[in-house]
Enquirer: 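Mind looking over this structure? Questions follow.
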Amino acid sequence: MGKKIFVSYKYHDEDVAVLDGYTHGTARDYVDYLQDHSFSGDDLNKAEDDNEDLSDFKEDTIKSKLRDKIWDSSITLILVSPNMVDILKREDDQWIPWEVAYSLRTETRNKTRSLPNGMLAIVLPDRSESYDYFITHETLIDDEGKSNEVRTLHTGNTFKIIRDNMFNQKIPTTSIMQGEIVYFGESSYIITVSWEDFINNPDTYLDRATDLKENKIDDYELCKRP
C-alpha cells in the first residue's frame, strides 16, 4: 500500500467483538491487527492512550502532541466503536475530536504545507458481532416501484466533528424514497465501511479516500473544529 496512516480510536472500549489471538479485549486489538496484517510494511501511527485527560490542556499543548504524528500522514482511519464517546466528558476534552480536527487542517511547517488527510471511518463489530449500532440496512421502494437496498449511518452515535463531515458534499445526489432522503455516490468526505468489508479489500477503500483528498476535496464542506 505504501501509505502513511494515522489511526484514531478509543483504546479502552471493551464493547467490541473479541479478535482471536489478541489479548487486550478492547479496540486496541484492532489497531494491532492492522499493524500485523493489512498494513505490514506501511507507516502506521497509533493515536494517544485515552487514559490521558485533556480537560486541563490548552489547544497549543494538544497541537504539539498531535502534530508530529499526523503531520506527514496522508490518511486517517477512525475506528468507530460502541463507546468511543465518553458522555461524561466534553467532546473537546477527548482525544478523537482533536485527532480528526488536525487530520483535516492545512498546516504550514518549515515552509512545507500539510494538506487534509483522506478519511475513513471503520466501524468495529460490537460484542455480539453486530454493526447495527452504527450501520443498518433496509429496503425502500422508489417512485418507479423498484426495491432499493439502503444503508443508514447512525451518525448520532459518534462525535460531532465526525458526523459533520459525513453527508457534507456541497451538491449531493439525492432521492426521496418512502419519505426518506437517500444519498448516492460519495456523499461524505469521511467514508464509512464495516471492519469486515475493509479488511477484505483495504486498498479499495484507501484508494477512495485518497481520490477524495487529491481530486475532489473542494466538493465538500469540511468541519475542522472539534
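In this text, all values refer to a predicted model and were calculated from it rather than measured experimentally.
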Enquirer: For a quick test of reading the model, state the closest non-hydrogen atom pair linking Asn157 to Tyr133 and the distance between them.
Expert: ND2-O, 2.6 Å
Enquirer: Just wondering, do Ile78 and Ile122 contact through their side chains at under 4.5 Å, heavy atoms?
Expert: no
Enquirer: Would you say that Leu212 contacts Glu186 through its side chain, given a criterion of any heavy-atom pair below 4.5 Å between the two side chains?
Expert: yes
Enquirer: For a 4.5 angstrom cut-off between non-hydrogen side-chain atoms, does Ile176 reach Ile181?
Expert: yes
Enquirer: Grab the two heavy atoms, one from Thr158 and one from Met84, that are nearest each other, plus how far apart they are.
Expert: OG1-SD, 3.4 Å
Enquirer: Ring of Tyr102, cation from Arg105 - is the NZ or CZ under 6.0 Å from the centre and inside 45° of the axis?
Expert: yes
Enquirer: With a 3.5 Å cut-off and sequence neighbours excluded, list the donor-acceptor pairs that the side chains of residues 190-197 form with protein atoms.
Expert:
residue : atom : partner : partner atom : Å
Ser194  : OG   : Asp197  : N            : 3.2
Ser194  : OG   : Asp197  : OD2          : 3.3

Enquirer: If you take all heavy atoms of Met119 and Ser103, which pair is closest and at what distance?
Expert: SD-CB, 3.8 Å
Enquirer: Could you walk me through whether Tyr22 and Asp36 pass the side-chain hydrogen bond (donor to acceptor under 3.5 Å, both in side chains) check?
Expert: CA-CA 11 Å; Tyr22 292 86; Asp36 294 342; 3.0 Å; yes
Enquirer: Do Leu124 and Val18 land in one hydrophobic cluster if side-chain heavy atoms of ILVMFWY residues count as linked below 4.5 Å?
Expert: no
Enquirer: Do Tyr183 and Phe167 make the cut of ring centroids closer than 6.0 angstrom?
Expert: yes
Enquirer: Would Leu77 end up clustered with Ile217 when hydrophobic side chains under 4.5 Å apart are linked, directly or stepwise?
Expert: yes
Enquirer: Can you give me the closest heavy-atom contact between Val123 and Tyr131, atom names plus distance?
Expert: O-CE2, 3.0 Å
Enquirer: Counting distance only, does the side-chain N/O of Arg208 pair as donor-acceptor with the main-chain N or O of Asp203 below 3.5 Å?
Expert: no
Enquirer: What is the minimum heavy-atom distance between Pro82 and Asp126, and which atoms define it?
Expert: CG-CB, 3.8 Å
Enquirer: Tell me, yes or no, whether the heavy-atom count around Lys213 atom NZ, taken from other residues, nucleotides or ligands under 6.0 Å, exceeds 12.
Expert: yes
Enquirer: Is a side-chain donor or acceptor of Asn165 paired with a backbone partner of Leu222 at a separation under 3.5 angstrom?
Expert: no
Enquirer: Please collect all side chain to side chain donor-acceptor pair (under 3.5 Å) contacts where either partner lies in residues 142-153, sequence neighbours excluded, each pair once.
Expert: Thr139-Glu149, Asp142-Asn148
Enquirer: Tell me if a side-chain donor or acceptor on Gln178 pairs with a main-chain N or O of Ile141 at a distance below 3.5 Å.
Expert: yes
Enquirer: If you measure from OH on Tyr11 to CG on Asp29, what distance do you get to the nearest 0.5 Å?
Expert: 9.0 Å
Enquirer: What pairs with Lys216 under salt bridge (Lys or Arg N to Asp or Glu O under 4.0 Å), at least two apart in sequence or on another chain?
Expert: Asp211
Enquirer: Are the side chains of Ile75 and Phe6 in touch, meaning some heavy atoms are under 4.5 Å apart?
Expert: no
Enquirer: Are Phe184 and Leu140 grouped together when hydrophobic residues (ILVMFWY) are joined by side-chain heavy atoms under 4.5 angstrom apart?
Expert: yes
Enquirer: Would you find a donor on one side and an acceptor on the other, under 3.5 Å apart, between the side chain of Lys170 and the backbone of Asp218?
Expert: yes
Enquirer: Thr155 and Met166: which non-hydrogen atoms are nearest, and at how many Å?
Expert: CG2-SD, 3.6 Å
